[in-house]
Amino acid sequence: MKQIDEYFGCNVFHDTAMRQRLPKDVYRKLKDTIRHSKPLDISIANAVAKAMKEWAVEKGATHYTHWFQPMTGITAEKHESFLSIQEDSHVLMEFSGKELIKGEPDASSFPSGGLRATFEARGYTAWDPTSYAFLKDHTLYIPTAFCSYDGSSLDKKTPLLRSMETLNKEAMRIIRLFPDEGITDVMTTVGPEQEYFLIDRELYRKRPDLVLCGRTLIGAAPAKGQELDDHYFGNMPQKVIDFMKDVDEELWKLGVFAKTEHKEVAPGQFELAPIFTTSNLAADHNQLMMEILRKTAIRHGMECLLHEKPFAGFNGSGKHNNWSMTTNTGINLLDPGQTPYDNARFLLFLTAVIKAVDEYQDLLRVSVATAGNDHRLGADEAPPAVISVFLGEELYAVLEAIEHDRPYDKTFTKSMTIGSDVLPAFPKDTTDRNRTSPFAFTGNKFEFRMLGSSLSISCPNIILNTIVAEELSVFADQLEQAKDFQKELNSIIRTTIQKHKHILFNGNGYSEEWLKEAEKRGLLNIPSTPEAIPHYIAPKNITLFKKHHIYNESELIARDTILYETYYKTVHIEASVLKKMILQDVLPAAFSYEKELLTIASLSSCQTLESEIAGALQTYCRQLYEKTILLEELLSSSHDPNPHTCALQYQTNILPCMKEIRAYADQLEEIIPTKKWPYPSYYQLLYHL
Ligand code: ADP
Ligand code: MG
């Protein structure tokens, strides 16, 4: 068997491959282009394209594709073969610099939120040289940005790259105010932990709700749920071990650092975490990870569910976004460090994050708002929809001491002077204990835990990078002007803590008391997507995005529109599927059982148990039918032309009606014989892997 290091990244045209295959000066120029995010010169592009094609063809590639991330949140690709026919009918494998740099997919069917009318449907894709090309399914994949012809971004990569640049710029302004350590760049880093379910594929295919919506719309609870917590970190069935081995190998070949795997809380639920990397690579890699998980599961006779809430009554799936900032010299800026200077810089970056989260709670909430995630956030499941920051007791005590200018604890007799004294060390594991916080400091990074499992991580990271960049720019404005740097630094840190302390919370984020306390503190509590979306285009947020060149107003409005549309279309599909399931499968099953019971009853002269059960069936069936007809009516009347109103209609009318229908259907499932029920039960889906 091959060692991992022999094949890790073997399908990636990464730095080493480029260095080996490119002429020295081309390689140097390309690196320079990447480092300074400059546009790629055509002469370099030609040389790179040639080397890239040769590398790919040697490995069996016949096609190439610009791989991009439209606003659907998933990836898109259009394959072109390398073939070109010469005048003498000779066939050549060709790939030019022009084709590498720019592609022109017909883009009329991707959501544009009104940014691009159909008559000017062309969009173009442009290579993102900071993300390596890779090989998959005999095709050379070129990670690209996707724009409309006027340059408006139509994707999730462009704004992510913009936000990374902005953060770099503003963080460097701060870095320059501290002693020179040769730092020239600051990158944001992300390690997203991915949760998912695995179920038997044959069973999956028998459930139209899972196939079409990714979640079960009906389903009675099995006799045993997750109350014993016996699945969490339990040992894996062989089938799953084999599956994970394949997933790892596929991902490693693609240079994705898949590392940690374990069972999650719900039966059939698992987690896969990679080692962190820069944000744009992490976003690309997470897309690949979701794709490989799904494809590999199918090969193993299973289906991988990435939906946020596939099964009612069981934990849903999320994605923890571990986030930090790292310098080109390898310093993690959220690591407290060893020296007074390190500490001061750490405290400044830390308070910038705290201030950012507090001032832009709304944006963080919107960044994770989807119809699927609504079943977790603000519903019966954690994390709560209220954003707060967990720091752990030690760090919290340090900030309190700074706030009140008093000693940190008994071992410290005098107040700490930022920039002169060393922070007390706080052990990492004590900072990581609270699992209920939506935004937790975990020793040297923040873990944003509100993301849904199927979400592209781009949007939350665009927001995180931008809001932290904004606070850093405000701090830099003050510090650059300061006559006494030390004094100003102290004052910024102290006043920021005073002003934004109300966002800090170390307790149980799932508790009722916290929701009350949060309300008292004036923190936002936005339970649903249609209520969250309007915050996207609040004037303060438009100003923010414009200031940092992340989105112009029309790009922002486009995204706002797409969020609404995606929301109500999702619920519409779910409601339509539910309606069909009830009318075409559930009711007929109930009628057939009822008929059977009545036949038996008709053979008896006295009142029988059979006729009693038939009576109960009839009552449920009637209620179920009436609700389903009501749902049908609501579906045809919820079409307000205003997307916000329309989304609200779906939220306030359709979803509650679906819930009632589900309750009746689940009652029927409890009394109809398993053999007669038209769909695999929760028991089968969750316990028959
Ligand atoms: P947990 O206790 O949450 O399982 P780990 O320390 O194993 O925590 O890390 C979880 C994730 O955080 C991993 O994907 C890891 O690579 C990532 N991570 C660690 N350090 C950083 C960092 N500096 N920036 C971003 N992500 C990080
Ligand atoms: Mg974690």
Side-chain angles (χ1 to χ4, degrees), residues 8 160 163-164 167-168 171 183 185-196 232-233 244 247-248 251-252 254-265 269-290 292-293 315 317-337 342 345-346 349-350 352-353 356-357 382-383 389-392 395 426-451 453 455 457-458 460-465 468-469 509:
F8 185 87
L160 180 61
S163 75
M164 291 169 71
L167 188 126
N168 180 17
I183 301 170
D185 287 284
V186 172
M187 287 150 299
T188 49
T189 52
V190 177
E193 302 166 58
Q194 178 73 50
E195 290 182 344
Y196 59 93
Y232 194 48
F233 279 50
M244 284 183 174
V247 168
D248 281 343
L251 287 173
W252 289 337
L254 290 168
V256 180
F257 315 94
K259 182 160 156 66
T260 316
E261 286 149 359
H262 61 79
K263 275 184 164 180
E264 268 300 330
V265 177
Q269 193 184 28
F270 304 89
E271 180 188 291
L272 176 54
I275 298 176
F276 70 95
T277 179
T278 48
S279 305
N280 68 320
L281 261 187
D284 286 357
H285 284 178
N286 185 252
Q287 291 286 356
L288 281 174
M289 184 180 276
M290 292 194 283
I292 301 285
L293 280 170
N315 271 18
S317 301
K319 184 140 57 188
H320 291 176
N321 191 84
N322 295 274
W323 178 92
S324 191
M325 296 163 278
T326 307
T327 68
N328 61 309
T329 56
I331 299 168
N332 178 350
L333 293 168
L334 290 179
D335 195 325
D342 288 348
R345 191 174 57 196
F346 162 71
F349 277 96
L350 178 79
V353 177
V357 174
V389 176
F390 170 85
L391 291 181
L395 188 53
F426 24 90
K428 183 172 179 283
D429 53 343
T430 58
T431 62
D432 198 16
R433 253 180 239 144
N434 189 320
R435 294 265 156 200
T436 66
S437 173
F439 203 93
F441 183 68
T442 48
N444 59 4
K445 62 187 189 291
F446 274 98
E447 187 167 333
F448 184 25
R449 298 189 174 128
M450 291 170 87
L451 285 73
S453 46
L455 192 73
I457 64 167
S458 295
N461 285 291
I462 292 164
I463 304 279
L464 256 175
N465 297 346
V468 174

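Here the structure is a predicted model, which means the values were calculated and not measured. Each ligand, and each atom within it, is numbered from 1 in the order the structure gives.
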Kindly write out the residues that satisfy side-chain contact (heavy atoms from CB on, under 4.5 Å) with Ala258, not counting sequence neighbours, or none if the list is empty.
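Partners of Ala258 under the side-chain contact (heavy atoms from CB on, under 4.5 Å) test: Asp248, Leu251, Trp252, Leu272.
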
Applying a 4.0 Å heavy-atom criterion (strictly less than), which segment of [X] is in contact with ligand 1: side chain, backbone, both, or neither?
X      : answer
Glu447 : side chain
Glu193 : side chain
Asn332 : side chain

Nearest option to atom 24 (N) of ligand 1, as decided by whichever heavy atom of Thr189, Asn322, Val190, Leu334 sits closest:
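The residue whose heavy atom sits nearest atom 24 (N) of ligand 1 is Thr189.
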
Which option out of Ala258, Ala440, Pro274 puts a heavy atom nearest to atom 15 (C) of ligand 1?
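Selected option, by shortest heavy-atom distance: Pro274.
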
[X] N/O to ligand 1 N/O under 3.5 Å:
X      : result
Asn444 : no
Phe276 : yes
Thr326 : no

Atoms in ligand 1 flagged as close to Ile275, the criterion being non-hydrogen separation under 4.0 Å
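With Ile275 as reference, the close atoms of ligand 1 come out as 16 (O).
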
Is there side-chain contact between Phe346 and Pro336, with at least one heavy-atom pair below 4.5 Å?
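The answer is yes; the side chains approach within 4.5 Å.
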
Decide yes or no for Trp323 and Val468: does some side-chain heavy atom of the first lie under 4.5 Å from some side-chain heavy atom of the second?
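A side-chain contact exists here, since the closest heavy-atom pair is under 4.5 Å.
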
Atom CE in Met187, atom CG in Leu333: separation rounded to 0.5 Å?
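Spacing of CE (Met187) from CG (Leu333) equals 9.5 Å.
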
Value rounded to 0.5 Å, distance of NZ in Lys445 from OG1 in Thr442
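So the NZ of Lys445 and the OG1 of Thr442 are separated by 3.5 Å.
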
Only one of Glu447, Lys319, Arg449 forms a side-chain contact (heavy atoms from CB on, under 4.5 Å) with Glu193, so which one is it?
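Considering Glu447, Lys319, Arg449, a side-chain contact (heavy atoms from CB on, under 4.5 Å) with Glu193 is found only for Glu447.
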
Strictly by modelled atom types, are Ser324 and Asn332 linked by a side-chain donor-acceptor pair under 3.5 Å?
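Judged by distance alone, the side chains do pair up.
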
